[in-house]
Amino acid sequence: MATETLTLGKALNTGLRRALETDPKVIIMGEDVGKLGGVFRITDGLQKDFGDQRVIDTPLAESGIIGTAVGLAIRGYRPVCEIQFDGFVYPAYDQIVSQVAKMHYRSGGRLSIPMVIRIPFGGGIGAVEHHSESPEAYFAHTAGLKVVTCSNPQDAYVMIQQAIASDDPIVFLEPKRRYWEKGQVDLEAPLSEAYPLHSARVVRPGTDVTVLAYGPMVRTCLEAATAAAEDGRELEVIDLRSLSPLDLRAAYESVKRTGRAVVVHEAPSNIGLGAELAARITEECFYSLESPVLRVTGFDTPYPAARVEEEYLPDLDRVLDAVDRTFGW
Amino acid sequence: MATETLTLGKALNTGLRRALETDPKVIIMGEDVGKLGGVFRITDGLQKDFGDQRVIDTPLAESGIIGTAVGLAIRGYRPVCEIQFDGFVYPAYDQIVSQVAKMHYRSGGRLSIPMVIRIPFGGGIGAVEHHSESPEAYFAHTAGLKVVTCSNPQDAYVMIQQAIASDDPIVFLEPKRRYWEKGQVDLEAPLSEAYPLHSARVVRPGTDVTVLAYGPMVRTCLEAATAAAEDGRELEVIDLRSLSPLDLRAAYESVKRTGRAVVVHEAPSNIGLGAELAARITEECFYSLESPVLRVTGFDTPYPAARVEEEYLPDLDRVLDAVDRTFGW
Amino acid sequence: MAKGDPGGTTRSRRPAPRSKKGAAGNPELVQLLTPDGERIDSATGPDGTEYRVDFTDEEYRGLYRDLVMVRKLDAEATALQRQGELGLWASLLGQEAAQVGSGRALRSQDMAFPTYREHGVLYCRGIDPIMPLGLFRGVDQGGWDPNEFKFNMYTIVIGAQTLHATGYAMGITMDGKIGTDDGEAAIAYFGDGATSQGDVNEAFVWASVFNAPLVFFCQNNQYAISEPLERQTRVPLYQRAAGFGFPGVRVDGNDVLASYAVTRTALDNSRHGQGPSLIEAYTYRMGAHTTSDDPTRYRIASEVESWQAKDPITRVKAFLEKQQIADAAFFAEVDEQARRESVHLRERVLNMPNPEPVTMFDNVYPNGSPLLDEQRATFNRYMESFEGSAH
Amino acid sequence: MAKGDPGGTTRSRRPAPRSKKGAAGNPELVQLLTPDGERIDSATGPDGTEYRVDFTDEEYRGLYRDLVMVRKLDAEATALQRQGELGLWASLLGQEAAQVGSGRALRSQDMAFPTYREHGVLYCRGIDPIMPLGLFRGVDQGGWDPNEFKFNMYTIVIGAQTLHATGYAMGITMDGKIGTDDGEAAIAYFGDGATSQGDVNEAFVWASVFNAPLVFFCQNNQYAISEPLERQTRVPLYQRAAGFGFPGVRVDGNDVLASYAVTRTALDNSRHGQGPSLIEAYTYRMGAHTTSDDPTRYRIASEVESWQAKDPITRVKAFLEKQQIADAAFFAEVDEQARRESVHLRERVLNMPNPEPVTMFDNVYPNGSPLLDEQRATFNRYMESFEGSAH
Ligand SMILES: Cc1ncc(C[n+]2csc(CCOP(=O)(O)OP(=O)(O)O)c2C)c(N)n1
Ligand SMILES: Cc1ncc(C[n+]2csc(CCOP(=O)(O)OP(=O)(O)O)c2C)c(N)n1
Ligand SMILES: [Mg+2]
Ligand SMILES: [Mg+2]
């Protein structure tokens, strides 16, 4: 296994490059994706190497990005659209939920929209408003879309390629505050043998409490697990990876063993992913649960000013607090 | 009590008329709300009586409707915006979630946006695509918005006035397939003494299972309760009325008595209101539950062709089936 | 007229009678056939482009046949809706010329992106006219293969398809399929109301910036449901184009010849690499917005009458008669064909099967989803539980 | 210059030196002061409007002072960001004239809707320049009262504020506050990139249809982050207006006098009931898009240099010197004031307290919410659980 140490951002960049090489129909489009390489440099160098017909700087209009990408998809292209920040995807919402999500269904399966919508999401980088949102529920609630997110460089590298290769329209959420974190990436392993895109993964086995997280919160939960272990409590941490469809096989199996579950995400609690996870786990593991499934999430306020985001976002302490509460129930 | 028999649609129309009379700052705006009176005639006659400065036919652009209404609100108006159908609200999504929802917060409380966004929602009328959607989760998940819906003419009449009088931005969902259903409406009772806008209501007391519904599904659940009673099972039906914030006091009290709960809505199941209700009820009533909270909802597909919508939508049988399952757990 | 390219053949042509000079016409409204059936030799657009057509008699008769056919089939659909066989119908009544003219101007390689009202264009593309009735009956959401017929699905969300058309046209350029007579072009249909939508204006931006081979074809039928044109603009719509950097032209949308000429020119310009343009087809919605609508609430009878005098079919008939291109037998034969096909349409609609409920779980994702598999299975078990019961 | 109306007083005025005739100027670019500091008497816009200004010496000096002040305060903010005191800063460097010119053209009753870069306009509205630093430091999301200063909150979502401005302006009309000299008007600021957004074009539609008293003020600084103007349009932006039915004009945005004149005229037209108009202030973003940006990746040094020659402050200084309106003492005093105020700004920023975390639950709803009350209470209990602990 020939691995390299890459940041999560560089792993995405490398995955995109690989996708452009593999399939001439793959194109990248978005604001500033060309010479600038995107504000996070995820498309760095790609326009230089693949030309401005494959890596397209678009006018500043998100509905336009997604809407024209639909047309390009009908023409046979595989557009990878970058939305610059989470908070700027909403102008494209109509095209995403009414067109991208429904085209295959409406056409009786005659049309497919093999589009990937890349969105850097989540907080923790001290940004101004609209730059730290977690809109995953808006997409995962929408039938016809699939939604995935990665938590580490290896997954970033593989999952972006899998998403591009998939004929389903996929919202690909990138944990922006983890862009700079490094990890080993196997650049050689064939994509066909990779771990399936829509499968969750146990990233730390444990026996006492099942902790479910995705994207930026996976690392937070792993740190919580390390801290808990020092206190003698073994958390099993599951990285969901696919937010729609959810893969809860591992979660059910785990909760049936542990009897306790904590769900962690940055997005507000009310009608978020955590609610769905709690509802399904409760239904499936009703007789195993020693405590209700607890949620550790952002609060139900707009994303607050950066100087209080640390208190807004779930952190190690809040995860451990919830773990404690599952024992105190 | 001087009551009149009105359809739900006419009750809304009368409530809007009352609001226009009460406060000169109230204005109505939307597509075809003037001479046509809206495609469902909810604004029938209002432009004739209040003029085209108070009841404004707008250009065909939903983002424009909501965006200009924000400016009108900053200027001191109280805009009541009509979105013609559920499926056409998405072009306005950015203005709703990034501007309407956040303006009060962003401005440190200095600005308020006392806007009502009226949306006929839900299916069951044999319509073509985009005309039968249930987008409530998209709004209820959004901090800064409140979301309400009515299930009968009396509530329609009162709640629309309460929503307009409130300084909070409110998405007001109208159960379009119930527009033509009649009920007694008390037109005289003062608004100040009315049942609070954001409170749920037990619409049928019962002892065996708690059934939670809202909007168009309330009647379906009441019919199910009648049918169940014939089989000797007493369903307690709660009309949620407010979808954000949720008022679950009555639900908790009820489930602690019944030990069983079924949640019913038309929207797809995945990350819908039902998930939140299940999660919270489970957390609050953990030791009372005899079975997990079950959900009866639309399926996780785009809204299907009209000729199969009867099978897509929850109906009496599916509610009763879920009730049965709570006993078989 | 069969699917094909009228005006592209070399058979003997009837030169347009010189009854009116185009130069004398209104540069603000390209017209080649007056409401009285007078042929205008050529007409000049606002940017000086000369428009003319050069049809054989057979082609003229073919256009007439198209117009009569699409009106008759449309009327049948309206009747079917009245009788409860369709949930809704959006009639094209009054807009036949704009649709047949532009529809016939498309070459076989061109791709069209319709709204929900382009039954006439659909017909010209050779699609079975029953197809859209499935959508309005509620048995499916559109039955034809967009790629086979180069005619995309109907789009109900106002304006959304203009961006799809723009992207598609960008793809034509990326594929190198412009610059020759065989080049491809796309056409985006939309209404006057749609011009207010952000999406349509974004499509203008994109088409311009990427010089997309795309014709924006706006049928200005004077209304967006109840709202008259003045709710969308205070200047003629075709003028919108200039500010985005491409030409705009207004054509008499009740004149099938002018609609053809203007669209053909615009498409050919696009396919040769000259980028996008906007056509405003000035027409009138003679009927209700849809069968759910009641236009008496917002417009007066005299307005409708004044437009009746500009009927798109009457003028072609008058022209064919005056020029002796067609005789009574021909008109009778066309009427008879229309009658036959509409009866046939009706029969087929009445026999359209309802979909199996379980098919609602199909085609949500190309690759499927375990969640849906589970829901489908549960649904099947649930439905089976009723079998044999009184339910 | 204090908040007020330069050009509205009756003190002795210095007639513009007749060095250049406006008629000889470029109708595609309204200019009243050349980069060399030559005054142009009057300039004609594309629709024939004559633009001129008529300032007292004091007013000229006041404009200079404004320009220097806003540049200096902006530079201080950039420095604060570099030192980690702000999370981000969007500099106005190079756009001072467009902002001060238009900002001073506002009358006290007029309402402005900025983007995130209008620190110069904010300054002209009399708002404490520390206010936007709270947003960029992350201690709040905007600190001033929009109604008190008639200057709305900053808007980061591109284009959204143009619709707010349109609605506000519709409200002016509904309130009957147009038609006289006391009439009100609104102004919407946005960038070249923003012109591609649906919202901005919808605002054009609405403003036109409702004849709203609104000035669209587009600062075309040639870039949307890394994307040059050609990614948004292939014709000059001011031409966009005509297709929506209202006038557009391009002004030298590095010329504070022309920016003032054009904006003043447009606002006055609006307040007198003549509806909307579009101003394209042709300028250049001399610095990075924000402090996060690296412009060397996408533009060449020579381009920046060529614009340096058109600096908005240098030309005013040259003019004041040449015309002996100001002397060295004056320039020194202005520099000194700017230095003092920027030091003061810095001190105050360093002392800006962080918000109490629990305040994040405030102001979500005017009427509150039980869900938030619960979350606030839980949060407080949770925070208290750490008190006295090592955490
Ligand atoms: C985004 C959106 N908003 C509202 C509607 C409802 N609606 C359907 S047709 C229509 C009017 C369209 O007018 P126009 O564009 O002129 O086309 P026409 O129907 O006249 O052909 C409206 C408002 C819709 N389909 N989509
Ligand atoms: C809807 C939206 N999309 C993307 C962004 C990210 N973004 C911030 S500024 C900017 C460029 C704006 O360019 P322009 O309108 O020319 O204004 P300028 O910054 O040059 O003053 C972009 C793309 C945003 N803020 N909002
Ligand atoms: Mg129309
Ligand atoms: Mg710019």
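Just so we're on the same page: letters track the sequence lines, and every chain starts at 1.
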Note: B:Gly272 and A:Glu276 closest approach over all heavy atoms is N-OE1, 4.3 Å
Where on A:Gln95 is there a heavy atom nearer than 4.5 Å to chain B: the side chain, the backbone, both, or neither? neither
Measure the acute angle between the ring planes of B:Tyr93 and A:Tyr93, then classify it against the limits of 30° and 60° as parallel, tilted or perpendicular. parallel
B:Leu289 versus chain A, heavy atoms under 4.5 Å apart: side chain, backbone, both or neither? both
Counting heavy-atom pairs under 4.5 angstrom with chain B, the leader among A:Ala279, A:Ala305, A:Pro302, A:Pro91 is A:Pro302
Find the one option among B:Gly87, B:Pro245, B:Pro135, B:Pro304 whose heavy-atom pairs under 4.5 Å with chain A are most numerous. B:Pro304
Side chain from CB out, backbone as N, CA, C, O: work out which of these in B:Tyr287 comes under 4.5 Å of a heavy atom of chain A, or both, or neither. side chain
Which heavy atom of A:Pro292 sits nearest to which heavy atom of B:Glu283, and what is that distance? CB-CA, 3.7 Å
B:Asn270 and A:Ser244 have their tightest heavy-atom pair at ND2-OG, 4.2 Å
Which atoms of A:Tyr138 are under 4.5 Å from chain B, going by heavy atoms: the side chain, the backbone, both sets, or neither? both
Which one wins on heavy-atom pair count under 4.5 Å against chain A: B:Val97, B:Asp300, B:Val89? B:Val97
What is the minimum heavy-atom distance between B:Ile271 and A:Leu273, and which atoms define it? CD1-CD2, 3.5 Å
Chain B shares the most heavy-atom pairs under 4.5 Å, among A:Ser269, A:Ala267, A:Ala143, with A:Ala143
Proximal component of A:Arg295, with respect to chain B [non-hydrogen, under 4.5 Å]: side chain
Against chain A, label B:Glu62 side chain, backbone, both or neither, depending on which of its atoms sit under 4.5 Å from a heavy atom there. neither
Under 4.5 Å from any heavy atom of chain B, what part of A:Glu136 do you find: side chain, backbone, both or neither? neither
Distance, nearest 0.5 Å, that separates NZ of A:Lys102 from CD of B:Glu129: 8.0 Å
Closest non-hydrogen atoms of A:Phe286 and B:Ser291, given as atom of the first, atom of the second and distance, are CZ-C, 3.4 Å
Need one label for A:His130: side chain, backbone, both or neither, based on atoms under 4.5 Å from any heavy atom in chain B. side chain
Do you know the tightest heavy-atom contact between A:Thr301 and B:Tyr105? OG1-OH, 3.7 Å
Quick check on the interface: out of A:His141, A:Arg280, A:Arg106, who has the most heavy-atom pairs with chain B under 4.5 Å? A:His141
Comparing A:Phe299, A:Trp329, A:Tyr303 against chain B, the one with the most heavy-atom pairs below 4.5 Å turns out to be A:Trp329
Which of the residues B:Ala278, B:Gly144, B:Pro268 is involved in the greatest number of heavy-atom pairs with chain A at under 4.5 angstrom? B:Pro268
